[in-house]
Amino acid sequence: MLLELANYWRGALGLLQKQDIQKVEHCLAQMVPQTEAKILLGDDCAAIPEGDGYLLLAAEGMWPLLVETEPWFAGWCSVQVNVSDIYAMGGRPLAVVDTLWSKSTSAAELVLKGMIAAAQTYGVPIVGGHTNLHSPYEALAVAILGRASRLLTSFNAQPGDTLLAAVDLRGQSHPQHPFWNASRGVEPARLRADLELLPLIAEAGWCDAGKDISMGGILGTLLMLLETSGCGAVLNLDQVPKPASLPLERWLLCFPSYGFLLSARPEQVTRIQEQFRQRDLVCEPIGQVQMAQQLVLQTGDEQMTFWDLAQVPFMGFSPK
């Protein structure tokens, strides 16, 4: 049973798309500024040292099929995922810009209305960008700027850490796409306060390692976190919190509108859990980081190596 699930997950589109990053990794690595404070590639945002903190810079290109078939929702998601990337690194967003290519004014307006709705909800201004309304296709990318004083980063997971999944299970599944919607129709003040927990945890010094659960789902996100930290982990599938309406095989590949993996020192776990639980969010241990660079899946008494990062790169970014 576990072998069948593992084969299914390895072939999932979300994981295959993350592996595409390998094709540009070697080129990008040569372009990174070689300064004393080197900017590391492979995190949710580029963390650029500035004064006593960091500027955070990130961008997301939206899935063309989503832009074509659900333009309003694509606009909403383009802002939402960028905001999540900033908070995932312990920061707070400052502003976004967009690049929109559209075949018509009417299609572009739907995308922009979705973006504006999300920008207002999360309190992040749209301050510029690029627009082409004579394109032969629909395309959307959004970039975001933020700031952090202390980082949550993909490069700080350590052997012995407890892996925590922090998610909002109050929502519903998208009828077509692997997306768990826990944000639409929710009071904006609640969404902002829920996200504020991430910089709070970072600034308090309770955690310094984590990652936003992206389109690779929990599995893909965990592989990215482990690869950049040069570690492995045992993921206990029986402990993964999930919505009652979704089977585990779908949930592990799902993009939750609010979802983060944290790699925490064991003595800080209870304190971190309390912060999320006070806001009716789920935060549960799902595994442990280990030195061997393998992601091992466990359920009951059954274990198997899902990915050997020492032999098979995932994104291609590593501490070296």
Side-chain angles (χ1 to χ4, degrees), residues 5 7-21 44 58-85 87-88 96 98-103 107-119 121-122 137-142 144 165-186 191 194-195 211-224 240-261 282 314-315:
L5 285 173
N7 288 333
Y8 167 72
W9 288 325
R10 289 192 192 102
L13 181 61
L15 270 67
L16 294 174
Q17 289 176 332
K18 295 298 183 184
Q19 293 171 72
D20 287 346
I21 297 171
D44 285 310
E60 295 278 355
M62 302 310 294
W63 190 24
L65 178 63
L66 189 66
V67 181
E68 184 80 39
T69 60
E70 298 190 52
W72 190 97
F73 187 55
W76 170 278
C77 289
S78 69
V79 174
Q80 181 189 60
V81 296
N82 273 291
V83 166
S84 185
D85 281 344
Y87 280 105
V96 300
D98 70 281
T99 299
L100 175 61
W101 296 70
S102 185
K103 293 183 283 188
E109 285 179 348
L110 287 172
V111 172
L112 291 169
K113 285 180 179 179
M115 287 182 57
I116 291 168
T121 295
Y122 291 103
Y137 52 81
E138 305 290 337
L140 173 66
V142 170
I144 191 165
V167 294
D168 189 349
L169 299 182
R170 300 165 294 183
Q172 59 186 1
S173 181
H174 190 279
Q176 292 178 297
H177 306 300
F179 176 74
W180 178 254
N181 187 355
S183 60
R184 292 278 302 281
V186 178
L191 294 176
D194 289 347
L195 288 167
K211 202 162 184 68
D212 164 65
I213 299 175
S214 66
M215 287 301 294
I218 290 175
L219 279 174
T221 301
L222 180 53
L223 281 170
M224 291 188 284
V240 175
K242 71 175 190 66
S245 59
L246 283 182
L248 182 67
E249 57 265 31
R250 286 182 57 194
W251 175 243
L252 286 185
L253 299 173
C254 194
F255 168 66
S257 54
Y258 184 98
F260 303 91
L261 289 182
V282 174
F314 188 60
M315 291 190 301

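Along the sequence shown, residues are numbered consecutively beginning with 1.
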Chi angles and distances behind the side-chain contact (heavy atoms from CB on, under 4.5 Å) call for Tyr8, Leu253: CA-CA 10 Å; Tyr8 167 72; Leu253 299 173; 3.9 Å; yes

Can you list the steps and then say if Glu68 with Lys103 is a salt bridge (Lys or Arg N to Asp or Glu O under 4.0 Å)? CA-CA 10 Å; Glu68 184 80 39; Lys103 293 183 283 188; 3.4 Å; yes

Before giving the answer on side-chain contact (heavy atoms from CB on, under 4.5 Å), spell out for Val186 and Arg170 the whole-Å C-alpha distance, their side-chain angles and the decisive distance to 0.1 Å. CA-CA 10 Å; Val186 178; Arg170 300 165 294 183; over 6 Å; no

Between Met224 and Ser214, is the side-chain contact (heavy atoms from CB on, under 4.5 Å) condition met? List the steps. CA-CA 10 Å; Met224 291 188 284; Ser214 66; 3.5 Å; yes

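Of the possible donor and acceptor atoms, one in the side chain of Thr121 sits under 3.5 Å from a partner among the backbone N and O of Ala117. Distance alone, capped at 3.5 Å, is enough to place a donor-acceptor pair between the Trp180 side chain and the Asp168 backbone. Although no hydrogens or angles enter the test, the distance criterion places no donor-acceptor pair under 3.5 Å between the side chain of Asp44 and the main chain of Ala88. The backbone N or O of Val79 lies less than 3.5 Å from no partner atom in the side chain of Tyr122, so there is not a single donor-acceptor pair. In this structure, the side chain of Trp251 engages the main chain of Pro241 through a donor-acceptor pair within 3.5 Å. In terms of modelled atom types and a separation under 3.5 Å, the side chain of Trp9 and the main chain of Glu249 share a donor-acceptor contact.
In terms of heavy atoms, Ser257 sits closest to Asn181 at OG-C, 3.7 Å. Of all the heavy atoms in Ile213 and Phe255, the pair that sits closest is O-CD1, 3.2 Å. Closest non-hydrogen pair, Ile144 versus Val96, comes out as CG1-CG1, 3.5 Å. Residues Leu140 and Gly75 approach most closely at CD2-CA, 4.0 Å, considering heavy atoms. Taking every heavy atom of both residues into account, Phe73 and Leu66 meet most closely at CD2-CD1, 3.8 Å. Across every non-hydrogen atom of Ser102 and Glu138, the tightest pair is OG-OE1, 2.8 Å.
Contact check for Glu109 versus Pro71: no side-chain heavy atoms found under the 4.5 Å cut-off. Two residues are said to be in side-chain contact when any heavy atoms from C-beta on lie closer than 4.5 Å; Ser173 and Arg250 meet this criterion. Within the 4.5 Å cutoff, the side chain of Met215 has no heavy atoms near those of the Trp63 side chain. Side-chain contact check for Thr221 versus Asp212: every heavy-atom pair is 4.5 Å or farther apart. For the pair Leu100/Met115, no side-chain contact is recorded, criterion being any heavy-atom separation below 4.5 Å from C-beta on. For the pair Tyr137 and Pro64, the minimum side-chain heavy-atom distance is 4.5 Å or more. A 4.5 Å side-chain heavy-atom check between Phe260 and Leu195 finds at least one atom pair inside the cut-off.
In this pair, Trp72 and Trp76 present their aromatic rings parallel. The plane angle is below 30°, not in the 30 to 60° band. The aromatic rings of Phe179 and His174 sit perpendicular to each other, their planes meeting at more than 60°, with 30° as the lower class boundary.
One distance of note links CD1 of Ile218 with NZ of Lys211; it measures 14.5 Å at 0.5 Å rounding. Here the straight-line distance linking atom CG of Leu252 with atom CG of Leu5 works out to 8.5 Å at 0.5 Å rounding. From Cys254, atom SG reaches atom NZ of Lys242 across 11.5 Å, with rounding to the nearest 0.5 Å.
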